[in-house]
There are 2 protein chains.
Amino acid sequence: MRALAVEDDGRIAADLTEALQASGFVVQSCDDGETAWFLGDTEDFDLVVLDLGLPKLDGLSVLKHWRAAGRDMPVLVLTARGTWSERVEGIDAGADDYLPKPFRMEELVARARALVRRSAGRGGALQSVGDLTLDANRMTVARRGVPVAATALEYRLLAYLMLHSDRVVAPSELLEHLYGDDFSREANALEALVARLRRKLGPGIIGTRRGFGYFLESSEVGA
Amino acid sequence: MRALAVEDDGRIAADLTEALQASGFVVQSCDDGETAWFLGDTEDFDLVVLDLGLPKLDGLSVLKHWRAAGRDMPVLVLTARGTWSERVEGIDAGADDYLPKPFRMEELVARARALVRRSAGRGGALQSVGDLTLDANRMTVARRGVPVAATALEYRLLAYLMLHSDRVVAPSELLEHLYGDDFSREANALEALVARLRRKLGPGIIGTRRGFGYFLESSEVGA
DNA sequence: CCCTACCTGTCAGCGTTCCGTCAGCGGTAC
DNA sequence: GTACCGCTGACGGAACGCTGACAGGTAGGG
């Protein structure tokens with residue numbers, strides 16, 4: 001999962017980044033509205049945490065612009081003053097959730113995860129596709145109810161595939177969401193990761209569409 | 001995916017071409033504004049990377065001309081000076097994204113991919129013409145609802161024919177979109193591809209208009 | 001502080017599938 | 001009738017993706 005953290009206070013930004021990373025997100029951060037505007041425009045994120053008080057360009061304007069441009073990723077808005085009017089304004093602008101400062105980092109992370117789950121069309125922490133079940137709270141994987149020992153990276157791969165279980169996901173997209181803008185990896189890293197997962201999960205879970213990418217074999221996606 | 005790289009600095013142009021190719025694009029490049037003007041006018045690209053400082057004709061003028069002429073491919077603008085005013089100017093002229101020099105090649109590629117994704121995002125996943133159905137999510141092909149195993153290249157061929165199902169598509173045009181300006185292939189490659197597809201799909205799907213090209217039948221272009 | 005176990009990227013090798021090429025044939029237009 | 005265009009089946013090189021082995025890095029424990 002890929003998250004964008006927009007926050008100008010360096011200390012909060014650092015904590016935020018750390019907490020989100022600990023929760024399994026690949027985090028990109030920026031500290032002004034202009035950069036946020038362009039990042040949100042041009043890159044794919046599964047979540048945005050957006051502070052409203054920003055240099056150069058106000059957070060609300062950025063959010064409104066994104067929504068006007070048809071970008072529909074979940075956005076969690078932070079604001080210094082927790083007034084009701086600001087909250088309404090944020091929701092109007094297209095925010096999915098709202099958190100007044102100061103807040104406990106644990107709460108932010110919990111809400112962030114809930115937002116991502118919600119955007120996947122599911123309310124609970126348990127997601128299933130076919131034989132495969134992920135527990136977003138415990139970060140565990142199970143096949144037919146039998147727990148499978150998956151590493152953090154493996155879990156994130158499965159989570160992303162599950163989030164997009166209705167389609168084939170290109171390797172480039174997977175690399176981007178697993179590693180962010182770190183392009184140092186050879187393409188083979190992904191293949192190795194998939195191979196290890198398949199060995200643990202057994203056949204019939206992760207499918208390959210040659211020339212296009214990977215997908216979760218749940219229904220009759222095969223051909 | 002076909003990309004046009006317009007850049008006059010030979011070294012950057014070479015890097016750019018290589019990076020885009022590595023990312024799966026079929027790349028054509030040119031190093032002056034006039035050629036770019038002409039290429040953008042007369043050929044189809046899924047992405048243009050446009051430097052602003054160009055010999056003969058300024059990049060911004062070229063871009064404005066394209067937009068005025070109704071060309072709507074995504075354009076990523078490069079400029080030597082990363083000032084905010086120039087950025088605004090570029091956006092006004094119709095640029096979809098903007099990258100100040102110097103930049104990391106990885107970032108350029110990431111933005112390029114994001115642009116293409118975004119522009120491809122318009123349009124539903126399921127397309128049908130007659131008996132034939134393409135699922136852009138699963139990258140699958142079906143006839144009368146029966147799945148047909150199509151390879152990546154075959155899928156792209158069908159997708160292009162479907163995109164232009166209202167007319168006959170010339171072999172040269174198909175070759176161009178499947179392979180770019182790589183003329184190393186014999187024309188027969190396309191015929192062999194079509195033959196293999198017809199064997200899989202059965203008769204009555206891909207029609208030939210002798211001397212002109214191919215088309216999808218049951219859209220009554222034939223006769 | 002070292003040792004260990006584990007995670008994960010890299011590399012080389014392999015099998016499979018893909019697809020461009022070739023040669024020959026048939027149909028169509030004139 | 002004939003010349004050209006397009007079709008077909010066979011073949012082989014090449015690309016793609018998979019796998020096992022290995023090593024650098026990291027975290028946890030003693």
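A note on names: the letters A, B, ... follow the listed sequences, proteins ahead of strands, and every chain is numbered from 1. Because only heavy atoms are used, hydrogens play no part in the values below, and waters and symmetry mates are left out as well, while side chains stay in.
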[N] phosphate, OP1 or OP2, under 4.0 Å from [X] side-chain N/O:
X        : N      : answer
A:Thr151 : C:dT8  : yes
B:Tyr214 : D:dG6  : no
B:Tyr179 : C:dC19 : no

request  = Determine the contact category for B:Leu153: base if any of its heavy atoms lies under 4.0 Å from a base atom, sugar-phosphate if only primed atoms, P, OP1 or OP2 are that close, otherwise nothing.
outcome  = sugar-phosphate
inquiry  = Can you confirm whether the side chains of A:Asp44 and A:His177 place a donor and an acceptor under 3.5 Å from each other?
reply    =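 No, A:His177 and A:Asp44 have no side-chain donor paired with an acceptor closer than 3.5 Å.
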task = Look at atom CZ of B:Phe38 and say whether more than 12 heavy atoms of other residues, nucleotides or ligands are closer to it than 6.0 Å.
result =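 Incorrect, the count does not exceed 12.
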Pairs under 3.5 Å (N/O, protein and nucleotides 23-27 of chain C):
residue: C:dA23; atom: N6; partner: B:Asn188; partner atom: ND2; Å: 3.1
residue: C:dG27; atom: N2; partner: B:Arg210; partner atom: NH2; Å: 2.5

ask   = Below 3.5 Å, does any donor atom in the side chain of A:Arg199 face an acceptor in the base of D:dG20, or the other way round?
value =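 Absent.
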remark   = Heavy-atom nearest nucleotide on DNA chain C taken for B:Lys200 and for B:Ala187; more 5' hit belongs to B:Lys200
Separation of [N] [atom2] from [X] [atom1] (nearest whole Å):
X        : N      : atom1 : atom2 : value
A:Leu190 : C:dT10 : CG    : C1'   : 14 Å
B:Ile206 : D:dG6  : CD1   : P     : 15 Å
B:Arg198 : D:dG6  : CZ    : P     : 11 Å
B:Leu197 : D:dG6  : CG    : C1'   : 16 Å
B:Phe212 : D:dG6  : CZ    : P     : 10 Å
B:Arg196 : D:dA10 : CZ    : P     : 12 Å
B:Leu175 : D:dG6  : CG    : P     : 12 Å
A:Leu157 : C:dG9  : CG    : P     : 11 Å

request  = For the residue pair B:Thr151 and B:Lys200, establish whether any side-chain heavy-atom pair is separated by less than 4.5 Å.
outcome  = yes
note = Picking from D:dG17, C:dT10, D:dC7, the nucleotide nearest the side-chain atoms of A:Glu191 would be D:dG17
What's the spacing between [X] [atom1] and [Y] [atom2] if we round to 0.5 Å?
X        : Y        : atom1 : atom2 : result
B:Trp66  : B:Leu39  : CH2   : CG    : 8.0 Å
B:Phe103 : B:Leu78  : CZ    : CG    : 4.5 Å
A:Glu7   : A:Thr17  : CD    : OG1   : 9.5 Å
A:Leu153 : A:Arg196 : CG    : CZ    : 9.0 Å

